Asks: 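A single structure is presented below for examination.
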Amino acid sequence: MKTFIDALPKVELHCHIEGTFEPELMFQLARRNGVELPYDSIDSLREAYAFTKLQDFLDIYYQGMNVLLTEQDFFDLTWAYLEKSHTQQVRHVEIFFDPQGHLPRGVPFSSVVNGIHNALTQAKERFGITSELIMCFLRHLDEEDAIETLNAAAPYKDLVTGIGLDSSELGHPPSKFERVFQQARDQGYRCVAHAGEEGPAQYVREAIRLLKVDRIDHGNNALDDSKLVDELREKQIPLTVCPLSNTRLCVVDHMQNHPIRKMLDLGLCATVNSDDPAYFGGYMTENYNAITQSLGLNKEEIITLAKNGIESSFAPKQRKQALLEELSEYASRN
Ligand SMILES: [Zn+2]
């Protein structure tokens with residue numbers, strides 16, 4: 001099964017680029033930029049990656065961001081992720097970034113977007129990896145701040161496909177961001193939102209009804225509500241599920257209890273993703289391996305998950321078709 005997963009053509013739809021910041025690169029950029037890190041070694045930084053809830057992680061995640069200052073930093077960060085993804089047979093990626101984690105530190109929007117974009121362009125040329133970029137709003141901040149960020153993104157509209165909603169979920173329901181999502185939709189952005197990771201099923205419902213999202217990021221807690229499950233199945237609203245993230249943040253107590261199998265059994269459109277791979281112990285392959293081992297998934301189920309990823313992506317139709325053909329060829333050969 002491991003070999004089957006290693007060579008499986010993959011698509012990633014839920015990955016925060018700032019969450020791909022490996023400690024080695026973080027130390028390297030900190031040195032380059034003269035930024036002091038509150039850890040004396042790579043090992044002590046890694047030891048801090050013991051989380052019991054989402055907020056524990058977010059505190060370290062924002063601290064790590066402070067190191068990112070220049071366009072070159074964003075390029076290097078993104079490039080490292082793409083090189084890694086290439087070794088894991090990832091064919092298409094949809095990357096989140098958090099402008100509100102950078103703009104208040106005086107980092108220009110152009111440095112963030114251009115750095116990421118240049119790496120994505122190079123990955124297409126070198127590895128054939130295609131991509132879409134999704135700008136997330138930090139939900140612990142107010143909606144006015146999100147609207148300002150949407151406005152700041154206007155000159156880069158051609159480079160950004162969609163908007164999303166991330167950061168501390170509890171106490172910050174999707175309803176708080178109804179207006180900014182409406183504005184973004186009117187401007188032609190695709191919409192996604194984190195919901196049902198730590199928050200209740202009601203947040204998933206709000207994301208669908210009020211924010212009119214194309215996909216739900218996570219969505220685990222939707223399973224608590226059978227009517228919502230029916231709606232997710234009928235509309236085939238994709239869920240970008242992140243198994244290793246869920247166990248690392250104690251959203252799921254053990255991988256053997258991970259809901260992704262149940263999602264598949266219920267006919268939901270579940271996909272596999274890495275979320276913040278540098279912090280949660282693995283990229284795409286490790287996530288597929290973890291659920292396959294713990295839940296005893298078979299090849300057919302793995303192919304379904306991979307197929308869901310392609311079909312749920314924002315890639316142009318032709319690209320999706322090519323990816324589906326590659327996957328179906330792979331499935332018939334292995
Ligand atoms: Zn996420």
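If you're wondering where the values come from, they're calculated on a predicted model, not measured in any experiment. Start at 1 and go down the list; that is how both ligands and their atoms are numbered. We're numbering straight along the sequence, starting at 1.
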Asks: Run the salt-bridge test on Arg139 and Asp166 with the 4.0 Å N-O cut-off and return the result as yes or no.
Replies: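 Looking at Arg139 and Asp166, the cut-off is not met.
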Asks: Could you walk me through whether Tyr279 and His16 pass ring-ring contact (aromatic ring centres under 6.0 Å, His included), step by step?
Replies: CA-CA 11 Å; Tyr279 293 93; His16 304 263; over 10 Å; no
Asks: Does His194 bring an N, O or S atom to within less than 2.8 Å of the Zn ion (ligand 1)?
Replies: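 Yes.
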Asks: For the Zn ion (ligand 1), find the closest N/O/S atom belonging to His16 and write down its atom name.
Replies: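 Considering only N, O and S atoms, His16 comes nearest to the Zn ion (ligand 1) through NE2.
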Asks: Taking both backbone and side-chain atoms into account, decide whether Asp276 has an N/O/S atom under 2.8 Å from the Zn ion (ligand 1).
Replies: no
Asks: Asp275: which N/O/S atom is nearest the Zn ion (ligand 1)?
Replies: OD1
Asks: Closer than 2.8 Å to the Zn ion (ligand 1): does that hold for any N, O or S atom in His14?
Replies: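 Given the 2.8 Å cut-off, His14 counts as a ligand of the Zn ion (ligand 1).
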Asks: Are Lys157 and Tyr189 in a cation-pi setup, meaning NZ or CZ lies under 6.0 angstrom from the ring centre and within 45 degrees of the ring axis?
Replies: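 Flagged: Lys157 positioned over aromatic ring of Tyr189.
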Asks: Could you check whether Phe57 and Tyr61 have their ring centres less than 6.0 Å apart?
Replies: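 Yes, ring centres under 6.0 Å apart.
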Asks: Hey, what's the ring geometry for Phe75 with Trp79, parallel, tilted or perpendicular (30° and 60° as the breaks)?
Replies: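 Geometry flag for Trp79 against Phe75: parallel rings.
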